[in-house]
Amino acid sequence: MELHQLNISELQVLLRSREVTPVEAIQAIEGRITTTDTRVRGYLSRDTEKALREASTADVSKPLGGVPIAIKDVINVRGESCSAASKILKGYTAPYDATVIQRLRAAGAIPFGRLNMDEFAMGSSTENSAFQKTANPWDLNRIPGGSSGGSAAVVAADEAFGSLGSDTGGSIRQPAALCGCVGMKPSYGRVSRFGLIAFASSLDQIGPFTKNVRDSALLLNALCGKDPMDSTSLPLPAEDFSRELGRDIKGLRIGMPKEYFIDGIDPQVNAAVRAAIKQYESLGAEIVEVSLPHTDYAVAVYYIVATAEASANLARFDGVRYGHRTDNPQTLLDHYGKTRAEGFGEEVKRRIILGTYVLSSGYYDAYYLRAQKVRTLIQQDFEKAFQKVDAIICPTSPEVAFKIGERTNDPLKMYLADIFTIAANLAGICGISIPCGFAEKDGSRLPVGLQLLGKPLEESRVLQLAHAYEQSTPWHRERPRL
Ligand code: GLN
(Lines give C-alpha, C1' and ligand atoms only; values in the text may rest on other atoms or scores of the structure.)
Protein backbone atom coordinates (compact mmCIF):
# COMPACT_ATOMS: atom_id res chain seq x y z
CA MET A 1 0.00 0.00 0.00
CA GLU A 2 1.28 3.47 -0.79
CA LEU A 3 1.37 6.25 1.76
CA HIS A 4 -1.37 8.37 0.13
CA GLN A 5 -3.74 5.41 0.28
CA LEU A 6 -3.73 5.24 4.07
CA ASN A 7 -6.52 6.54 6.22
CA ILE A 8 -5.82 8.96 9.07
CA SER A 9 -5.67 6.29 11.79
CA GLU A 10 -3.18 4.22 9.77
CA LEU A 11 -1.07 7.27 8.99
CA GLN A 12 -0.99 8.21 12.67
CA VAL A 13 0.53 4.85 13.62
CA LEU A 14 3.39 5.41 11.17
CA LEU A 15 3.88 9.03 12.20
CA ARG A 16 3.99 8.17 15.88
CA SER A 17 6.44 5.32 15.41
CA ARG A 18 8.48 7.71 13.24
CA GLU A 19 8.47 5.32 10.30
CA VAL A 20 7.01 8.22 8.32
CA THR A 21 7.59 11.93 8.89
CA PRO A 22 4.94 14.64 8.49
CA VAL A 23 7.02 16.01 5.59
CA GLU A 24 6.79 12.65 3.83
CA ALA A 25 3.03 12.62 4.39
CA ILE A 26 2.70 15.98 2.61
CA GLN A 27 5.03 14.82 -0.16
CA ALA A 28 2.94 11.67 -0.65
CA ILE A 29 -0.23 13.74 -1.02
CA GLU A 30 1.52 16.23 -3.30
CA GLY A 31 2.71 13.34 -5.49
CA ARG A 32 -0.76 11.87 -5.71
CA ILE A 33 -2.30 15.25 -6.55
CA THR A 34 0.25 15.71 -9.32
CA THR A 35 -0.68 12.39 -10.93
CA THR A 36 -4.45 12.38 -10.54
CA ASP A 37 -5.81 15.86 -9.88
CA THR A 38 -5.49 16.99 -13.50
CA ARG A 39 -8.37 14.55 -14.03
CA VAL A 40 -10.27 14.92 -10.73
CA ARG A 41 -9.80 18.73 -10.48
CA GLY A 42 -10.72 18.81 -6.78
CA TYR A 43 -8.08 21.35 -5.72
CA LEU A 44 -8.32 25.05 -6.55
CA SER A 45 -4.89 25.84 -5.13
CA ARG A 46 -2.34 24.74 -2.57
CA ASP A 47 0.77 26.12 -0.96
CA THR A 48 3.03 23.08 -0.77
CA GLU A 49 6.09 25.00 0.44
CA LYS A 50 4.15 26.40 3.36
CA ALA A 51 2.68 23.01 4.26
CA LEU A 52 6.13 21.41 4.14
CA ARG A 53 7.49 24.11 6.42
CA GLU A 54 4.67 23.52 8.88
CA ALA A 55 5.20 19.76 8.63
CA SER A 56 8.87 20.08 9.48
CA THR A 57 7.98 21.30 12.98
CA ALA A 58 4.79 19.26 13.52
CA ASP A 59 4.37 17.54 16.86
CA VAL A 60 3.33 13.96 16.15
CA SER A 61 2.37 13.33 19.76
CA LYS A 62 -0.70 15.56 19.37
CA PRO A 63 -4.09 13.99 18.51
CA LEU A 64 -3.75 14.80 14.77
CA GLY A 65 -0.04 15.55 14.83
CA GLY A 66 1.41 15.85 11.33
CA VAL A 67 -1.80 14.91 9.50
CA PRO A 68 -2.53 17.10 6.44
CA ILE A 69 -6.19 18.06 6.04
CA ALA A 70 -7.59 19.68 2.87
CA ILE A 71 -10.04 22.56 3.26
CA LYS A 72 -13.15 23.61 1.33
CA ASP A 73 -12.56 27.03 -0.18
CA VAL A 74 -15.21 28.60 2.04
CA ILE A 75 -13.21 28.36 5.30
CA ASN A 76 -10.56 30.98 6.03
CA VAL A 77 -6.95 29.90 6.41
CA ARG A 78 -4.70 32.82 7.20
CA GLY A 79 -2.57 33.94 4.28
CA GLU A 80 -4.35 31.72 1.75
CA SER A 81 -6.96 32.50 -0.84
CA CYS A 82 -10.59 31.95 0.13
CA SER A 83 -12.90 32.44 -2.83
CA ALA A 84 -16.03 30.37 -2.11
CA ALA A 85 -15.44 29.44 -5.77
CA SER A 86 -16.79 32.86 -6.75
CA LYS A 87 -15.36 35.50 -9.04
CA ILE A 88 -16.44 38.10 -6.52
CA LEU A 89 -13.78 36.83 -4.07
CA LYS A 90 -11.11 36.04 -6.63
CA GLY A 91 -7.78 37.20 -5.28
CA TYR A 92 -9.02 37.58 -1.71
CA THR A 93 -6.55 36.46 0.94
CA ALA A 94 -7.82 35.42 4.36
CA PRO A 95 -6.43 37.64 7.13
CA TYR A 96 -7.11 35.11 9.90
CA ASP A 97 -7.69 31.42 10.64
CA ALA A 98 -11.27 30.22 11.08
CA THR A 99 -11.86 28.68 14.50
CA VAL A 100 -11.94 25.18 12.99
CA ILE A 101 -8.51 25.84 11.48
CA GLN A 102 -7.17 27.06 14.82
CA ARG A 103 -8.55 23.90 16.37
CA LEU A 104 -7.04 21.64 13.72
CA ARG A 105 -3.69 23.34 14.25
CA ALA A 106 -3.99 22.98 18.04
CA ALA A 107 -4.50 19.24 17.46
CA GLY A 108 -1.33 19.18 15.34
CA ALA A 109 -2.95 18.89 11.90
CA ILE A 110 -1.69 20.81 8.87
CA PRO A 111 -4.26 22.52 6.63
CA PHE A 112 -3.11 21.74 3.09
CA GLY A 113 -4.92 22.74 -0.07
CA ARG A 114 -8.07 24.64 -1.06
CA LEU A 115 -10.95 22.61 -2.43
CA ASN A 116 -13.40 23.31 -5.20
CA MET A 117 -17.11 23.74 -4.43
CA ASP A 118 -20.32 25.21 -5.77
CA GLU A 119 -20.12 28.99 -5.64
CA PHE A 120 -20.99 30.09 -2.08
CA ALA A 121 -21.96 26.47 -1.38
CA MET A 122 -25.08 26.78 -3.52
CA GLY A 123 -25.55 23.63 -5.53
CA SER A 124 -25.45 19.85 -5.52
CA SER A 125 -22.91 19.06 -8.22
CA THR A 126 -19.97 21.50 -7.88
CA GLU A 127 -20.80 22.66 -11.40
CA ASN A 128 -21.62 26.11 -10.00
CA SER A 129 -17.95 26.78 -9.26
CA ALA A 130 -16.80 29.86 -11.16
CA PHE A 131 -13.42 28.22 -11.78
CA GLN A 132 -13.56 24.53 -12.69
CA LYS A 133 -15.67 21.41 -12.74
CA THR A 134 -14.62 18.63 -10.38
CA ALA A 135 -15.04 15.05 -11.58
CA ASN A 136 -16.32 12.06 -9.66
CA PRO A 137 -13.29 9.76 -9.16
CA TRP A 138 -15.45 6.70 -9.93
CA ASP A 139 -16.43 8.03 -13.35
CA LEU A 140 -14.73 11.18 -14.57
CA ASN A 141 -17.74 12.11 -16.73
CA ARG A 142 -19.93 12.43 -13.68
CA ILE A 143 -20.36 15.01 -10.94
CA PRO A 144 -18.95 14.46 -7.44
CA GLY A 145 -22.04 15.94 -5.78
CA GLY A 146 -22.03 19.27 -4.02
CA SER A 147 -21.59 21.72 -2.76
CA SER A 148 -18.48 20.22 -1.10
CA GLY A 149 -17.66 18.22 -4.23
CA GLY A 150 -13.94 18.91 -4.04
CA SER A 151 -13.82 17.81 -0.40
CA ALA A 152 -15.43 14.46 -1.23
CA ALA A 153 -13.60 13.82 -4.51
CA VAL A 154 -10.08 14.33 -3.13
CA VAL A 155 -10.68 11.99 -0.19
CA ALA A 156 -12.19 9.33 -2.49
CA ALA A 157 -9.27 9.75 -4.91
CA ASP A 158 -6.66 9.35 -2.12
CA GLU A 159 -5.54 12.93 -2.80
CA ALA A 160 -6.20 13.77 0.88
CA PHE A 161 -6.36 11.74 4.08
CA GLY A 162 -9.31 13.83 5.20
CA SER A 163 -10.95 17.17 4.45
CA LEU A 164 -13.39 19.73 5.77
CA GLY A 165 -16.62 20.76 4.12
CA SER A 166 -19.77 22.63 5.08
CA ASP A 167 -23.35 21.39 5.10
CA THR A 168 -26.32 23.74 4.84
CA GLY A 169 -28.77 21.34 3.21
CA GLY A 170 -26.70 18.26 2.50
CA SER A 171 -23.43 19.57 1.14
CA ILE A 172 -21.29 17.18 3.18
CA ARG A 173 -23.47 14.08 3.14
CA GLN A 174 -24.60 14.12 -0.50
CA PRO A 175 -21.10 14.41 -2.08
CA ALA A 176 -19.76 11.86 0.43
CA ALA A 177 -22.49 9.48 -0.76
CA LEU A 178 -21.80 10.10 -4.44
CA CYS A 179 -18.02 9.72 -4.06
CA GLY A 180 -18.08 6.75 -1.66
CA CYS A 181 -16.55 8.27 1.44
CA VAL A 182 -17.72 9.17 4.94
CA GLY A 183 -19.22 12.62 5.51
CA MET A 184 -20.54 13.90 8.83
CA LYS A 185 -22.79 16.88 9.52
CA PRO A 186 -22.58 17.64 13.23
CA SER A 187 -25.59 18.93 15.17
CA TYR A 188 -26.30 22.64 14.91
CA GLY A 189 -24.13 24.37 17.49
CA ARG A 190 -21.46 21.69 17.73
CA VAL A 191 -18.85 23.38 15.57
CA SER A 192 -17.99 27.06 15.40
CA ARG A 193 -18.60 28.76 12.07
CA PHE A 194 -16.35 31.72 12.81
CA GLY A 195 -14.30 32.11 9.64
CA LEU A 196 -16.74 30.14 7.47
CA ILE A 197 -18.18 32.31 4.71
CA ALA A 198 -21.84 32.29 5.73
CA PHE A 199 -24.52 30.93 3.41
CA ALA A 200 -27.59 30.37 5.64
CA SER A 201 -26.62 30.95 9.24
CA SER A 202 -29.44 28.99 10.89
CA LEU A 203 -28.45 25.90 8.87
CA ASP A 204 -24.68 25.97 8.22
CA GLN A 205 -22.38 23.47 9.93
CA ILE A 206 -18.78 22.49 9.22
CA GLY A 207 -17.87 18.80 9.25
CA PRO A 208 -15.30 16.20 8.18
CA PHE A 209 -14.86 13.96 5.13
CA THR A 210 -12.86 10.82 5.78
CA LYS A 211 -12.15 7.34 4.45
CA ASN A 212 -13.78 5.63 7.41
CA VAL A 213 -15.95 6.24 10.46
CA ARG A 214 -13.17 6.17 13.06
CA ASP A 215 -11.36 8.99 11.25
CA SER A 216 -14.59 10.98 11.21
CA ALA A 217 -14.77 10.72 15.02
CA LEU A 218 -11.11 11.76 15.33
CA LEU A 219 -11.60 14.88 13.22
CA LEU A 220 -14.81 15.74 15.04
CA ASN A 221 -12.93 15.53 18.37
CA ALA A 222 -10.66 18.28 17.14
CA LEU A 223 -13.37 20.50 15.64
CA CYS A 224 -15.98 20.75 18.41
CA GLY A 225 -16.27 23.18 21.27
CA LYS A 226 -17.62 26.50 22.45
CA ASP A 227 -16.24 29.51 20.63
CA PRO A 228 -16.86 33.04 21.91
CA MET A 229 -16.65 34.20 18.28
CA ASP A 230 -19.75 32.19 17.27
CA SER A 231 -22.62 32.71 19.68
CA THR A 232 -24.45 29.67 18.30
CA SER A 233 -21.66 27.31 19.34
CA LEU A 234 -22.74 25.37 22.41
CA PRO A 235 -20.90 25.41 25.73
CA LEU A 236 -20.35 21.67 26.02
CA PRO A 237 -17.48 19.77 27.59
CA ALA A 238 -15.00 18.13 25.21
CA GLU A 239 -16.05 14.65 24.17
CA ASP A 240 -14.32 11.66 22.70
CA PHE A 241 -16.56 10.81 19.76
CA SER A 242 -14.78 7.49 19.26
CA ARG A 243 -15.80 6.21 22.67
CA GLU A 244 -18.74 4.11 21.46
CA LEU A 245 -16.96 2.68 18.42
CA GLY A 246 -16.87 -1.09 18.57
CA ARG A 247 -19.60 -1.33 21.19
CA ASP A 248 -22.34 -3.81 20.45
CA ILE A 249 -25.37 -2.28 18.77
CA LYS A 250 -27.67 -5.09 19.92
CA GLY A 251 -30.98 -3.68 21.08
CA LEU A 252 -30.49 -0.22 19.59
CA ARG A 253 -33.55 0.92 17.73
CA ILE A 254 -33.31 2.33 14.22
CA GLY A 255 -36.25 4.06 12.60
CA MET A 256 -37.16 3.63 8.95
CA PRO A 257 -39.17 6.70 7.95
CA LYS A 258 -41.87 5.56 5.58
CA GLU A 259 -41.84 8.89 3.76
CA TYR A 260 -38.22 8.26 2.70
CA PHE A 261 -38.83 4.97 0.93
CA ILE A 262 -40.87 6.20 -1.98
CA ASP A 263 -41.20 5.92 -5.74
CA GLY A 264 -38.60 7.89 -7.58
CA ILE A 265 -35.62 6.45 -5.73
CA ASP A 266 -33.22 4.69 -8.05
CA PRO A 267 -34.02 0.95 -7.69
CA GLN A 268 -30.35 0.07 -7.19
CA VAL A 269 -30.05 2.71 -4.42
CA ASN A 270 -33.20 1.38 -2.84
CA ALA A 271 -31.87 -2.19 -2.96
CA ALA A 272 -28.50 -1.23 -1.42
CA VAL A 273 -30.15 0.70 1.42
CA ARG A 274 -32.61 -2.11 2.12
CA ALA A 275 -29.73 -4.60 2.22
CA ALA A 276 -27.99 -2.31 4.73
CA ILE A 277 -31.11 -2.33 6.89
CA LYS A 278 -31.08 -6.15 6.81
CA GLN A 279 -27.44 -6.03 7.85
CA TYR A 280 -28.34 -3.88 10.85
CA GLU A 281 -30.97 -6.43 11.80
CA SER A 282 -28.43 -9.20 11.62
CA LEU A 283 -26.16 -7.14 13.88
CA GLY A 284 -28.93 -7.11 16.46
CA ALA A 285 -30.48 -3.69 15.93
CA GLU A 286 -34.23 -3.43 15.99
CA ILE A 287 -35.76 -1.79 12.93
CA VAL A 288 -38.91 0.21 13.63
CA GLU A 289 -41.11 2.02 11.12
CA VAL A 290 -41.45 5.72 11.94
CA SER A 291 -43.25 8.58 10.26
CA LEU A 292 -41.97 12.07 9.47
CA PRO A 293 -45.24 13.43 8.10
CA HIS A 294 -43.99 16.88 7.06
CA THR A 295 -41.17 15.53 4.88
CA ASP A 296 -42.91 16.69 1.70
CA TYR A 297 -42.44 20.32 2.70
CA ALA A 298 -38.74 20.17 3.54
CA VAL A 299 -37.35 21.20 0.16
CA ALA A 300 -39.81 24.08 -0.21
CA VAL A 301 -39.18 25.34 3.32
CA TYR A 302 -35.43 25.08 2.81
CA TYR A 303 -35.47 27.12 -0.40
CA ILE A 304 -37.32 29.90 1.40
CA VAL A 305 -35.29 29.94 4.63
CA ALA A 306 -31.90 29.35 2.99
CA THR A 307 -32.38 31.91 0.24
CA ALA A 308 -33.72 34.51 2.71
CA GLU A 309 -30.65 34.11 4.91
CA ALA A 310 -28.32 34.01 1.91
CA SER A 311 -29.71 37.27 0.53
CA ALA A 312 -28.84 38.94 3.84
CA ASN A 313 -25.44 37.26 4.23
CA LEU A 314 -24.33 38.03 0.71
CA ALA A 315 -25.16 41.72 1.02
CA ARG A 316 -21.64 42.22 2.36
CA PHE A 317 -20.10 41.54 -1.05
CA ASP A 318 -20.36 45.11 -2.20
CA GLY A 319 -16.99 45.64 -3.84
CA VAL A 320 -15.99 48.11 -1.13
CA ARG A 321 -14.49 45.92 1.55
CA TYR A 322 -13.14 42.96 -0.36
CA GLY A 323 -13.06 41.08 -3.58
CA HIS A 324 -13.98 42.14 -7.07
CA ARG A 325 -14.76 45.81 -7.78
CA THR A 326 -16.22 47.10 -11.03
CA ASP A 327 -14.31 49.63 -13.14
CA ASN A 328 -15.55 53.20 -13.54
CA PRO A 329 -18.94 53.16 -11.83
CA GLN A 330 -21.03 56.30 -12.32
CA THR A 331 -22.74 56.35 -8.93
CA LEU A 332 -22.64 54.34 -5.71
CA LEU A 333 -25.66 52.27 -6.74
CA ASP A 334 -24.07 51.70 -10.12
CA HIS A 335 -20.96 50.51 -8.28
CA TYR A 336 -22.93 47.97 -6.22
CA GLY A 337 -25.05 46.81 -9.13
CA LYS A 338 -22.19 46.30 -11.57
CA THR A 339 -19.84 44.75 -9.01
CA ARG A 340 -22.44 42.19 -8.03
CA ALA A 341 -23.66 41.57 -11.58
CA GLU A 342 -20.09 40.87 -12.67
CA GLY A 343 -18.99 38.98 -9.56
CA PHE A 344 -21.82 36.57 -8.80
CA GLY A 345 -22.74 33.56 -10.92
CA GLU A 346 -26.22 32.71 -12.14
CA GLU A 347 -27.28 30.38 -9.30
CA VAL A 348 -26.11 32.81 -6.63
CA LYS A 349 -28.07 35.61 -8.28
CA ARG A 350 -31.13 33.38 -8.46
CA ARG A 351 -30.88 32.70 -4.71
CA ILE A 352 -30.38 36.37 -3.81
CA ILE A 353 -33.40 37.36 -5.86
CA LEU A 354 -35.57 34.58 -4.38
CA GLY A 355 -34.41 35.42 -0.86
CA THR A 356 -35.00 39.13 -1.24
CA TYR A 357 -38.47 38.41 -2.61
CA VAL A 358 -39.56 36.15 0.27
CA LEU A 359 -38.39 38.75 2.79
CA SER A 360 -40.01 41.71 1.10
CA SER A 361 -42.84 43.53 2.76
CA GLY A 362 -46.18 42.01 1.84
CA TYR A 363 -44.62 38.60 1.12
CA TYR A 364 -42.73 38.09 4.36
CA ASP A 365 -45.76 36.68 6.19
CA ALA A 366 -46.90 34.55 3.30
CA TYR A 367 -43.52 32.95 2.62
CA TYR A 368 -40.81 33.46 5.20
CA LEU A 369 -42.95 33.40 8.34
CA ARG A 370 -44.97 30.46 7.11
CA ALA A 371 -41.82 28.56 6.19
CA GLN A 372 -40.49 29.09 9.70
CA LYS A 373 -43.69 27.62 11.11
CA VAL A 374 -43.44 24.55 8.90
CA ARG A 375 -39.80 24.28 9.92
CA THR A 376 -40.99 23.88 13.51
CA LEU A 377 -43.36 21.10 12.41
CA ILE A 378 -40.45 19.32 10.71
CA GLN A 379 -38.42 19.64 13.91
CA GLN A 380 -41.32 18.19 15.90
CA ASP A 381 -41.57 15.24 13.49
CA PHE A 382 -38.01 14.30 14.43
CA GLU A 383 -38.58 14.89 18.15
CA LYS A 384 -41.51 12.48 18.04
CA ALA A 385 -39.64 9.88 16.02
CA PHE A 386 -36.64 10.06 18.35
CA GLN A 387 -38.86 9.23 21.30
CA LYS A 388 -39.14 5.77 19.76
CA VAL A 389 -35.74 5.23 18.15
CA ASP A 390 -32.03 5.91 18.67
CA ALA A 391 -31.37 6.85 15.04
CA ILE A 392 -33.05 7.08 11.66
CA ILE A 393 -31.89 5.27 8.54
CA CYS A 394 -32.53 6.23 4.91
CA PRO A 395 -30.76 6.83 1.62
CA THR A 396 -28.49 9.91 1.55
CA SER A 397 -29.43 10.69 -2.03
CA PRO A 398 -32.24 9.27 -4.17
CA GLU A 399 -29.75 8.49 -6.93
CA VAL A 400 -26.10 7.95 -7.73
CA ALA A 401 -23.82 10.52 -9.41
CA PHE A 402 -25.26 11.94 -12.63
CA LYS A 403 -23.36 13.12 -15.68
CA ILE A 404 -21.65 16.50 -15.81
CA GLY A 405 -23.99 18.90 -17.62
CA GLU A 406 -27.07 16.68 -17.27
CA ARG A 407 -28.94 18.97 -14.82
CA THR A 408 -27.42 22.38 -15.31
CA ASN A 409 -30.48 23.75 -17.08
CA ASP A 410 -32.96 22.43 -14.57
CA PRO A 411 -32.52 24.07 -11.17
CA LEU A 412 -35.62 22.42 -9.72
CA LYS A 413 -34.35 18.95 -10.53
CA MET A 414 -31.01 19.92 -9.01
CA TYR A 415 -32.75 21.09 -5.82
CA LEU A 416 -34.34 17.65 -5.45
CA ALA A 417 -30.89 16.04 -5.09
CA ASP A 418 -31.05 17.08 -1.43
CA ILE A 419 -34.51 15.78 -0.69
CA PHE A 420 -33.24 13.37 2.01
CA THR A 421 -30.60 15.60 3.59
CA ILE A 422 -32.29 18.97 3.98
CA ALA A 423 -34.63 18.12 6.87
CA ALA A 424 -31.68 17.39 9.18
CA ASN A 425 -30.42 20.96 8.74
CA LEU A 426 -33.88 22.41 9.28
CA ALA A 427 -34.18 20.37 12.50
CA GLY A 428 -30.61 20.95 13.67
CA ILE A 429 -29.93 17.24 14.17
CA CYS A 430 -26.74 15.36 13.24
CA GLY A 431 -26.24 13.00 10.33
CA ILE A 432 -23.65 10.91 8.56
CA SER A 433 -23.35 9.33 5.14
CA ILE A 434 -21.37 6.12 4.73
CA PRO A 435 -20.81 3.88 1.70
CA CYS A 436 -23.31 1.00 1.42
CA GLY A 437 -22.70 -0.51 -1.97
CA PHE A 438 -22.61 0.25 -5.68
CA ALA A 439 -24.95 0.78 -8.58
CA GLU A 440 -24.11 -0.01 -12.20
CA LYS A 441 -24.83 2.80 -14.68
CA ASP A 442 -23.74 2.73 -18.31
CA GLY A 443 -20.81 0.48 -17.47
CA SER A 444 -19.71 2.51 -14.44
CA ARG A 445 -19.71 1.29 -10.90
CA LEU A 446 -20.96 4.14 -8.71
CA PRO A 447 -21.10 4.39 -4.92
CA VAL A 448 -24.37 4.45 -2.97
CA GLY A 449 -24.61 6.31 0.35
CA LEU A 450 -26.47 5.30 3.48
CA GLN A 451 -27.62 8.08 5.79
CA LEU A 452 -27.96 7.76 9.56
CA LEU A 453 -29.59 10.65 11.40
CA GLY A 454 -29.24 11.11 15.13
CA LYS A 455 -30.72 13.16 17.95
CA PRO A 456 -29.20 16.57 18.51
CA LEU A 457 -25.74 16.14 20.08
CA GLU A 458 -25.82 12.34 19.78
CA GLU A 459 -23.01 12.17 17.24
CA SER A 460 -21.34 9.39 19.20
CA ARG A 461 -24.40 7.13 18.84
CA VAL A 462 -24.58 7.79 15.10
CA LEU A 463 -20.85 7.08 14.78
CA GLN A 464 -21.23 3.85 16.76
CA LEU A 465 -24.01 2.65 14.44
CA ALA A 466 -22.14 3.74 11.32
CA HIS A 467 -18.96 2.02 12.49
CA ALA A 468 -20.75 -1.26 13.28
CA TYR A 469 -22.12 -1.44 9.74
CA GLU A 470 -18.88 -0.32 8.14
CA GLN A 471 -16.79 -2.90 9.94
CA SER A 472 -19.15 -5.71 8.97
CA THR A 473 -19.20 -4.83 5.26
CA PRO A 474 -16.48 -4.38 2.60
CA TRP A 475 -17.57 -1.08 1.05
CA HIS A 476 -15.23 1.34 2.80
CA ARG A 477 -12.21 -0.57 1.49
CA GLU A 478 -13.10 -0.04 -2.16
CA ARG A 479 -11.26 2.63 -4.10
CA PRO A 480 -11.79 4.03 -7.57
CA ARG A 481 -9.20 3.14 -10.21
CA LEU A 482 -7.58 6.33 -11.38
N1 GLN B 1 -27.67 21.69 -2.49
C2 GLN B 1 -28.20 22.54 -1.46
C3 GLN B 1 -28.24 23.96 -1.94
O4 GLN B 1 -27.88 24.19 -3.06
C5 GLN B 1 -27.39 22.41 -0.21
C6 GLN B 1 -26.13 23.16 -0.24
C7 GLN B 1 -25.36 23.11 1.02
O8 GLN B 1 -25.60 22.27 1.89
N9 GLN B 1 -24.45 24.03 1.14
O10 GLN B 1 -28.62 24.86 -1.25
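One-based numbering, in listed order, for ligands and for the atoms of each.
Using a cut-off of 4.0 Å between Lys/Arg side-chain N and Asp/Glu carboxylate O, D158 and R479 are scored as salt-bridged.
Side-chain contact between I29 and F161 is present, with heavy atoms from C-beta onward closer than 4.5 Å.
A 6.0 Å sphere centred on CZ of F386 holds more than 12 heavy atoms belonging to other residues, nucleotides or ligands.
Protein residues with a heavy atom under 4.0 Å from ligand 1 are A121, M122, G123, S124, S147, D167, T168, G169, G170, S171, F199, Y302, Y303, R351, D418.
Each of E347, E127, E399 was evaluated against R407; a single residue qualifies, E399, per the salt bridge (charged side-chain N to carboxylate O under 4.0 Å, His left out) test. Of the options T134, V40, N116, a side-chain contact (heavy atoms from CB on, under 4.5 Å) to P144 is made by T134 and by none of the others.
A cation-pi geometry, defined here as NZ or CZ lying under 6.0 Å from the six-membered ring centre and within 45° of its normal, does not hold between R78 and Y96.
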